[in-house]
Q: 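Sharing a structure with you now.
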There are 2 protein chains.
Amino acid sequence: MQSDLDAVDKKILTLLMAQGRMTWSDLAARLQLSPPATAERVRRLEERAILRGYSAQVSAEHLGLHLMAFITLTLDHPRHRADLLNCVQQHDAIQECHHIAGDGDYLLKVRCRHTRDLEHLVSEVLKSLPGVLRTQTTIVLSTAKETTTLPLDLHDPSTEAPTQTEHP
Amino acid sequence: MQSDLDAVDKKILTLLMAQGRMTWSDLAARLQLSPPATAERVRRLEERAILRGYSAQVSAEHLGLHLMAFITLTLDHPRHRADLLNCVQQHDAIQECHHIAGDGDYLLKVRCRHTRDLEHLVSEVLKSLPGVLRTQTTIVLSTAKETTTLPLDLHDPSTEAPTQTEHP
DNA sequence: AATGAAACTGTCGGGTT
DNA sequence: AACCCGACAGTTTCATT
């Protein structure tokens, strides 16, 4: 799936990832296009589900969510998958749930207010699920970068100069 | 910091996290408030940096970003922190970078097209940074949940009934 | 915080290349 | 097929109460 997006489509996505409430007029001006043409492009991107929606970025700290953690979870049998996924969907504190290859089966990103909430989540919610063998929690001390902006211009590694020793 | 947000402010944040391009009129209707009052509330939330901005949610798959991974990175000395953080900021493939407690020093969330890009990122970019002792990469097989919506209504664990055995 | 007026934006139809 | 233009409805914004 490289859904034949032309340069204009890509620019639309880039601009809207950075400023999701930009008016179609503003967007049109930056694309050197008319507002209706721009609106039509956006509409088609939404229709094709390439543009999935828009969301406000809110400061977690200001909401009292002072704790972030990653939890690696191991299931004793895939039979218990549905129970876990169901639980994950229900709990707002769980922001992400990824099925992973390697140590453990699932990786969860969670946010809560303090250790008390985390204790509840790990000890009461997750460990009481059927089939959960063990969890391993990693606390986040601080966050240096956290963006939802996707890279649209990954430089091709193959076009780069071959690796040299550092001291020629 | 529990920035004395009243119920209306919280509802604004909740609604805008779900639908970031909602008009102030629509928002006002759901709050049973006038559009100007609503706009003023939003303006204050932005001013206080509780509302940090708005962004479009774009499908990574459609952009050809088929690979997601978490990389745990260990530094041999905090002296090399600045170099790492600098690198992290420059590379769009790195979406998140957290300083963590536990195994390793930093946890990175990265997105790229395929293993070739990941190889480049790990072997050329990260491992060539000064002070990087080792990295450990976890590949994401699939994602069951991924949201930026923050929980505003975490039920207080202390108010719950004490834990019972499952079979009374 | 609500109202009403002015400016702007989104949207629809029709026409162009 | 994609785009531009012009017109109208809806939205934002400001002044006022």
Side-chain angles (χ1 to χ4, degrees), chain A residues 1-59 62-64 147-153, chain B residues 1-65 147-150 152-153:
Chain A
M1 216 184 282
Q2 172 67 309
S3 330
D4 52 292
L5 300 166
D6 65 15
V8 178
D9 287 328
K10 288 182 185 171
K11 195 156 187 186
I12 288 176
L13 296 175
T14 303
L15 290 168
L16 285 180
M17 282 193 288
Q19 291 184 229
R21 275 193 75 93
M22 204 186 303
T23 65
W24 300 159
S25 302
D26 279 354
L27 196 52
R30 303 202 197 201
L31 300 170
Q32 314 218 58
L33 220 64
S34 71
T38 303
E40 177 62 12
R41 290 258 193 178
V42 173
R43 198 193 59 74
R44 294 218 44 220
L45 288 169
E46 289 169 351
E47 191 183 44
R48 293 203 273 165
I50 295 169
L51 243 171
R52 287 175 167 175
Y54 309 86
S55 67
Q57 301 159 217
V58 175
S59 156
H62 281 90
L63 295 183
T147 180
T148 59
T149 302
L150 300 174
L152 280 192
D153 46 5
Chain B
M1 214 184 284
Q2 172 65 306
S3 329
D4 52 293
L5 299 166
D6 66 14
V8 178
D9 288 329
K10 288 183 185 172
K11 194 155 187 186
I12 288 176
L13 296 174
T14 303
L15 289 168
L16 286 181
M17 283 193 286
Q19 292 183 229
R21 276 192 75 94
M22 201 186 301
T23 66
W24 299 159
S25 298
D26 279 355
L27 198 51
R30 303 200 197 201
L31 300 169
Q32 313 218 59
L33 220 64
S34 70
T38 304
E40 176 63 12
R41 289 258 193 177
V42 172
R43 198 194 60 74
R44 286 269 309 146
L45 288 169
E46 288 169 352
E47 190 183 45
R48 293 202 276 164
I50 295 168
L51 241 170
R52 288 176 165 173
Y54 309 86
S55 67
Q57 301 160 215
V58 175
S59 155
E61 283 295 329
H62 282 90
L63 295 183
L65 300 168
T147 181
T148 60
T149 302
L150 300 173
L152 280 191
D153 46 4

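Chain letters run A, B, ... following the sequence lines, proteins first and then strands; every chain starts at 1.
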Q: Within the 4.0 Å heavy-atom criterion, would you say B/R41 contacts the bases, only the backbone, or no part of the nucleic acid?
A: sugar-phosphate

Q: Distance under 4.0 Å to a non-hydrogen atom of chain B counts as contact; along DNA chain D, which nucleotides mark the start and end?
A: D/dT11 to D/dC14

Q: In this structure, which one of A/R41, A/R44, A/K11 forms a salt bridge (Lys or Arg N to Asp or Glu O under 4.0 Å) with A/D6?
A: A/R41

Q: What closest approach, in Å, do A/T14 and A/L152 show between heavy atoms, and which atom pair accounts for it?
A: OG1-CD1, 3.0 Å

Q: Could you state the CG-C1' distance from B/L31 to C/dA2, rounded to the nearest angstrom?
A: 15 Å

Q: With rounding to the nearest 0.5 Å, note down the distance linking CD in B/Q19 to OH in A/Y54.
A: 11.5 Å

Q: If I take atom CH2 in residue A/W24 and atom P in nucleotide C/dT11, what distance separates them, rounded to the nearest angstrom?
A: 8 Å

Q: DNA chain D: A/S34 or B/A39, which has the more 5' nearest nucleotide?
A: A/S34

Q: B/Q32 has an atom CD; how far is it from atom P of C/dA1, in whole Å?
A: 14 Å

Q: Are more than 12 heavy atoms from other residues, nucleotides or ligands located less than 6.0 Å from atom CZ of B/R48?
A: yes

Q: Measure across B/W24 and B/A39 and return the closest heavy-atom pair with its distance rounded to 0.1 Å.
A: CD1-CB, 3.6 Å

Q: Nearest-Å distance, CZ (A/R44) to P (C/dT11)?
A: 17 Å

Q: How close or far is atom C1' of C/dA1 from atom CG of B/L27, stated in whole angstroms?
A: 15 Å

Q: Which value, rounded to the nearest 0.5 Å, describes the distance between A/I50 atom CD1 and B/L63 atom CG?
A: 7.5 Å

Q: Which angle, rounded to 10°, do you find between the first-five-pair axis and the last-five-pair axis of the helix from C/dA1-D/dT17 to C/dT17-D/dA1?
A: 30°

Q: Kindly compute the distance separating OG1 (B/T149) from CG (B/L16), expressed to the nearest 0.5 Å.
A: 11.0 Å

Q: Answer yes when B/R43 and B/E47 have at least one side-chain N-carboxylate O distance shorter than 4.0 Å, and no when they do not.
A: yes

